[in-house]
Asker: 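Below: one structure in structure tokens.
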Number of protein chains: 2
Amino acid sequence: MGGKQTTIKEIASLLNISVSTVSRALHKHPSIGITTQLRVQKLAEELNYEPNQAAIFFQKGKSYTIGLILPELSEAFFSSVVNAVEDMAYKKNYTVLLAQSHDNEDREKQIIQMMKNHRVDGLVVSVAKTTTNFDHFHMLEKYNIPIVFFDRIPPLKNIHSVACNIETGSFEAVNYLLKKGHRCIGLINGPAALTASEERKKGYFNAITKNRLKFDPSLIVSCDLTEKGTQEALTALMENKRNLTAIVTFNDYVALYAIKYARKLNIDLKNDLQFISYSNLPLINYMDHVPIASVEQFPYKQGEKAVEILFDLINNKDSSTPETMYYNKVVVESELVENQSYHTD
Amino acid sequence: MGGKQTTIKEIASLLNISVSTVSRALHKHPSIGITTQLRVQKLAEELNYEPNQAAIFFQKGKSYTIGLILPELSEAFFSSVVNAVEDMAYKKNYTVLLAQSHDNEDREKQIIQMMKNHRVDGLVVSVAKTTTNFDHFHMLEKYNIPIVFFDRIPPLKNIHSVACNIETGSFEAVNYLLKKGHRCIGLINGPAALTASEERKKGYFNAITKNRLKFDPSLIVSCDLTEKGTQEALTALMENKRNLTAIVTFNDYVALYAIKYARKLNIDLKNDLQFISYSNLPLINYMDHVPIASVEQFPYKQGEKAVEILFDLINNKDSSTPETMYYNKVVVESELVENQSYHTD
DNA sequence: TTTTTCAGCACAAACGTTTGCGCTAAATTT
DNA sequence: AAATTTAGCGCAAACGTTTGTGCTGAAAAA
């Protein structure tokens with residue numbers, strides 16, 4: 001019982017049969033008689049036999065491992081994705097090799113190398129903010145390691161990706177506020193360069209025009225997502241529009257900064273100014289004043305979808321000639337959810 | 001170029017030398033002439049040779065992988081540990097196999113099985129809250145897989161562990177408040193059953209008595225760590241002690257609840273009541289009102305230490321007869337840190 | 001009865017790497 | 001010149017498993 005693991009070999013010699021028979025018996029291969037199959041399984045059970053995965057990985061040229069590369073685990077969005085990937089992998093008896101790029105391009109490249117050497121069967125990746133060169137991803141194609149990108153998707157063609165459509169959620173958010181009677185709604189947006197900002201703007205615009213209201217561009221201000229920038233943006237909005245009653249913010253951090261600052265300015269957050277944000281932080285529920293609603297981006301669902309696609313790719317590796325290859329581009333719709341904790345305040 | 005990885009074999013046949021020579025040359029083995037060594041290395045470089053880790057793992061009976069099992073990734077404390085473990089592993093060219101038990105004993109057991117099958121070289125573990133049976137950990141001993149526990153340590157003898165001494169931090173916290181002139185300091189503690197509660201209480205008691213003040217037991221109240229429980233605890237404290245000027249809370253969640261409730265009661269948090277908490281949440285920095293200080297538990301340092309010990313164990317596996325075996329029990333001292341964001345409020 | 005079929009199992013190669021051992025020829029010592 | 005050492009390399013086994021192919025004897029078909 002002590003020390004070494006029992007091998008297929010030992011079982012074979014104990015039973016006076018060949019290794020191959022044991023192997024097949026354990027896999028319930030039809031060409032093995034039922035009696036020997038049972039004898040083998042019984043002994044294997046008794047000896048506490050566990051297949052040596054390292055040997056199997058080596059033999060099959062597969063590792064039954066998928067790599068997960070993301071920028072920062074501490075961001076709730078990503079840790080939620082980890083949960084999803086882990087759960088999915090778990091079901092199929094895969095394991096997850098995790099690594100954080102910390103938004104560093106060099107580290108990302110090293111991680112890719114490591115993943116390749118470890119012969120991961122596939123990768124789920126959210127690229128680092130700073131990454132501008134994508135050769136390391138191309139390199140993996142040569143080794144037939146499929147990749148599914150999510151959330152932060154590189155500007156490459158012929159890739160598989162899962163992302164969230166922020167536009168629909170933005171539309172719903174503004175629409176929700178309009179239905180509640182708000183007529184002057186601000187948007188503290190992110191840097192104009194980000195497509196994420198663009199999507200938010202589009203949703204905002206669509207909601208306004210669909211409701212037959214006229215769009216006022218001065219209600220949208222950009223900020224650099226810092227606390228100071230947020231304060232300036234809020235100030236600008238407030239000064240321009242005295243009748244402002246609601247604000248949609250780029251993300252939860254911006255919402256936090258804005259709410260904090262609004263409180264400092266002695267604004268009545270119950271009656272005079274309401275917020276809607278995009279959900280990043282679970283902790284927003286512990287805040288003194290929470291936004292009345294959030295645009296949910298379903299990180300868990302995105303993670304699930306990404307792994308689902310990856311498994312498809314892994315299992316159809318052979319049939320994937322460049323011609324017959326199709327590329328998955330899944331879009332998860334964002335959705336407005338009311339913050340219940342707002343009402344318990 | 002296309003598809004397959006180059007192997008040591010191919011290099012050998014291209015150079016008309018044997019595989020063993022190539023292997024040794026790549027490892028700079030002294031018994032290989034310098035000229036052949038260079039020839040091999042040059043060709044390996046050109047062919048973009050990368051050793052097949054799966055084969056090496058198999059051959060060496062090692063996976064160069066360490067397993068990390070923790071309850072919940074979403075808790076900032078643990079995600080910080082992940083960072084540490086990853087960084088340490090990274091330096092030694094190890095990879096990290098991550099899994100969450102979600103505080104579920106069954107899942108924990110399955111994960112252990114999986115880790116064993118994957119032949120991890122060692123494990124860093126924080127056990128699930130609900131785990132009462134520890135056989136699955138004992139089982140690993142038979143397979144010579146070393147474990148280092150951290151934070152949540154099972155009540156077993158002869159194990160390696162890293163944990164944080166909360167008592168020192170608690171002492172410092174109360175001492176800090178005393179130096180600031182506070183004379184009536186409350187402690188909203190956790191359930192009495194937890195050793196964590198006991199440690200906090202001890203630190204509190206020591207600080208009081210070391211300062212030659214008399215200890216008032218009614219200043220310590222237990223709570224169940226829920227929002228409601230916290231509110232009740234705070235109410236009890238406030239009613240009993242009208243001159244209460246500071247409170248130490250069991251953790252950041254309790255602090256958040258208490259601060260939120262205190263605000264509701266229109267207590268002046270700047271002048272009348274100050275808080276100190278134990279740091280779990282980075283987000284506390286975004287709050288309207290933060291505690292003036294936190295007891296830091298250094299999760300990153302704990303993670304580092306745990307991996308350090310693990311590597312020691314992995315490398316000295318052979319020499320570890322039960323007799324010569326020594327067990328590591330590292331205690332990381334907690335420490336009071338002032339919240340700078342408190343002053344920028 | 002003879003031929004065919006097929007169930008049930010064994011043989012052996014293969015996956016890529018490491019490593020103990022043995023071999024050869026040259027260099028060094030007597 | 002003969003004996004000894006040694007530098008430099010090749011041979012082959014081993015790690016545990018899977019899998020294509022070949023073999024044997026018995027059951028089915030002729």
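First the proteins, then the strands, lettered A, B, ... as listed; each starts at 1.
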Asker: Starting the side chain at C-beta, find the nucleotide from D/dG16, D/dA14, D/dT17 nearest to A/Pro51.
Answerer: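 Looking only at heavy atoms from C-beta outward on A/Pro51, the closest nucleotide is D/dT17.
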Asker: To the nearest Å, give me how far apart CD (A/Glu50) and P (D/dG16) are.
Answerer: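 One finds 15 Å between P of D/dG16 and CD of A/Glu50, rounded.
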Asker: Determine the contact category for A/Tyr49: base if any of its heavy atoms lies under 4.0 Å from a base atom, sugar-phosphate if only primed atoms, P, OP1 or OP2 are that close, otherwise nothing.
Answerer: sugar-phosphate
Asker: Measure from CG on A/Leu26 to P on D/dT19 and round the result to the nearest Å.
Answerer: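 Value for this atom pair: 13 Å.
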Asker: Rounded to whole angstroms, how far apart are CD1 on A/Ile32 and C1' on D/dT18?
Answerer: 13 Å
Asker: Output yes when at least one side-chain N/O atom of B/Ser23 is less than 4.0 Å from OP1 or OP2 of C/dT18, else no.
Answerer: yes
Asker: Between A/Phe58 and C/dC15, do the rings stack, that is, sit under 5.5 Å apart with planes less than 30° off each other?
Answerer: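 Yes; by the centre-distance and plane-angle rule, A/Phe58 counts as stacking on C/dC15.
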Asker: Treating B/Thr130 as the side-chain partner and B/Asp103 as the backbone partner, does any N or O pair qualify as donor plus acceptor under 3.5 Å?
Answerer: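 Checked: pair present.
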Asker: Can you tell me the distance, in whole Å, between the NE2 atom of B/His27 and the C1' atom of C/dG16?
Answerer: 12 Å
Asker: Between C/dC9, D/dC9, D/dT18, spot the one nearest the side chain of A/Ile56, thanks.
Answerer: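 Side chain of A/Ile56 sits closest to D/dT18.
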Asker: Can you tell me the distance, in whole Å, between the CZ atom of A/Phe57 and the C1' atom of D/dC15?
Answerer: 15 Å
Asker: When you match A/Thr36 and B/Lys9 each to their closest nucleotide on DNA chain C, which lands nearer the 5' end?
Answerer: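 On the 5' side of the pair lies A/Thr36.
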Asker: Answer yes or no: side-chain N or O of A/Ser20 and base N or O of C/dC11 forming a donor-acceptor pair under 3.5 Å.
Answerer: yes
Asker: Taking 4.0 angstrom as the limit, do B/Glu304 and B/Lys301 come out as a salt bridge?
Answerer: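 No.
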Asker: Which part of the nucleic acid, if any, lies within contact of A/Thr7, taking any heavy atom under 4.0 Å across all strands shown: a base, the sugar-phosphate backbone alone, or nothing?
Answerer: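 Since only primed, P, OP1 and OP2 atoms lie under 4.0 Å of A/Thr7, the category is sugar-phosphate.
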Asker: I'd like to know if A/Lys305 and A/Glu308 make a salt bridge, using a cut-off of under 4.0 Å between side-chain N and carboxylate O.
Answerer: yes
Asker: Please evaluate the base of C/dG20 for a donor-acceptor partner in the side chain of B/Arg24 within a cut-off of under 3.5 Å?
Answerer: yes
Asker: Could you go through the side chain to side chain contact (heavy atoms under 4.5 Å, CB included) check for A/Phe137 and A/Glu108 one step at a time?
Answerer: CA-CA 10 Å; A/Phe137 293 121; A/Glu108 188 173 86; 3.6 Å; yes
Asker: Check every strand shown and say whether A/Gly33 touches a base, only sugar-phosphate, or nothing at a heavy-atom separation below 4.0 Å.
Answerer: sugar-phosphate
Asker: Output the single nucleotide from C/dC15, D/dG10, C/dT18 whose closest atom is nearest the side chain of A/Gln59.
Answerer: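 Selected nucleotide (nearest to the side chain): C/dC15.
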Asker: Taking the six-membered ring of A/Tyr90, is NZ or CZ of B/Arg107 closer than 6.0 Å to its centre and within 45° of its axis?
Answerer: yes
Asker: Roughly how many Å is it from NZ in B/Lys60 to C1' in C/dG16, rounded to a whole number?
Answerer: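 So the two atoms are 13 Å apart, to the nearest Å.
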Asker: Would you say A/Thr21 reaches C/dC9's phosphate, i.e. side-chain N/O to OP1/OP2 under 4.0 Å?
Answerer: no
Asker: Figure out the NE2/P separation between B/His29 and D/dA7, and round it to whole Å.
Answerer: 12 Å
Asker: Using heavy-atom distances to pick each residue's nearest nucleotide on DNA chain D, tell me which of B/Ala55 and B/Ile34 is more 5'.
Answerer: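 It is B/Ile34 whose nearest nucleotide is closer to the 5' end.
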Asker: With rounding to the nearest 0.5 Å, note down the distance linking CZ in A/Phe58 to CD in A/Gln53.
Answerer: 15.0 Å
Asker: Specify the separation, in whole Å, of atom NZ of B/Lys28 and atom C1' of C/dT18.
Answerer: 18 Å
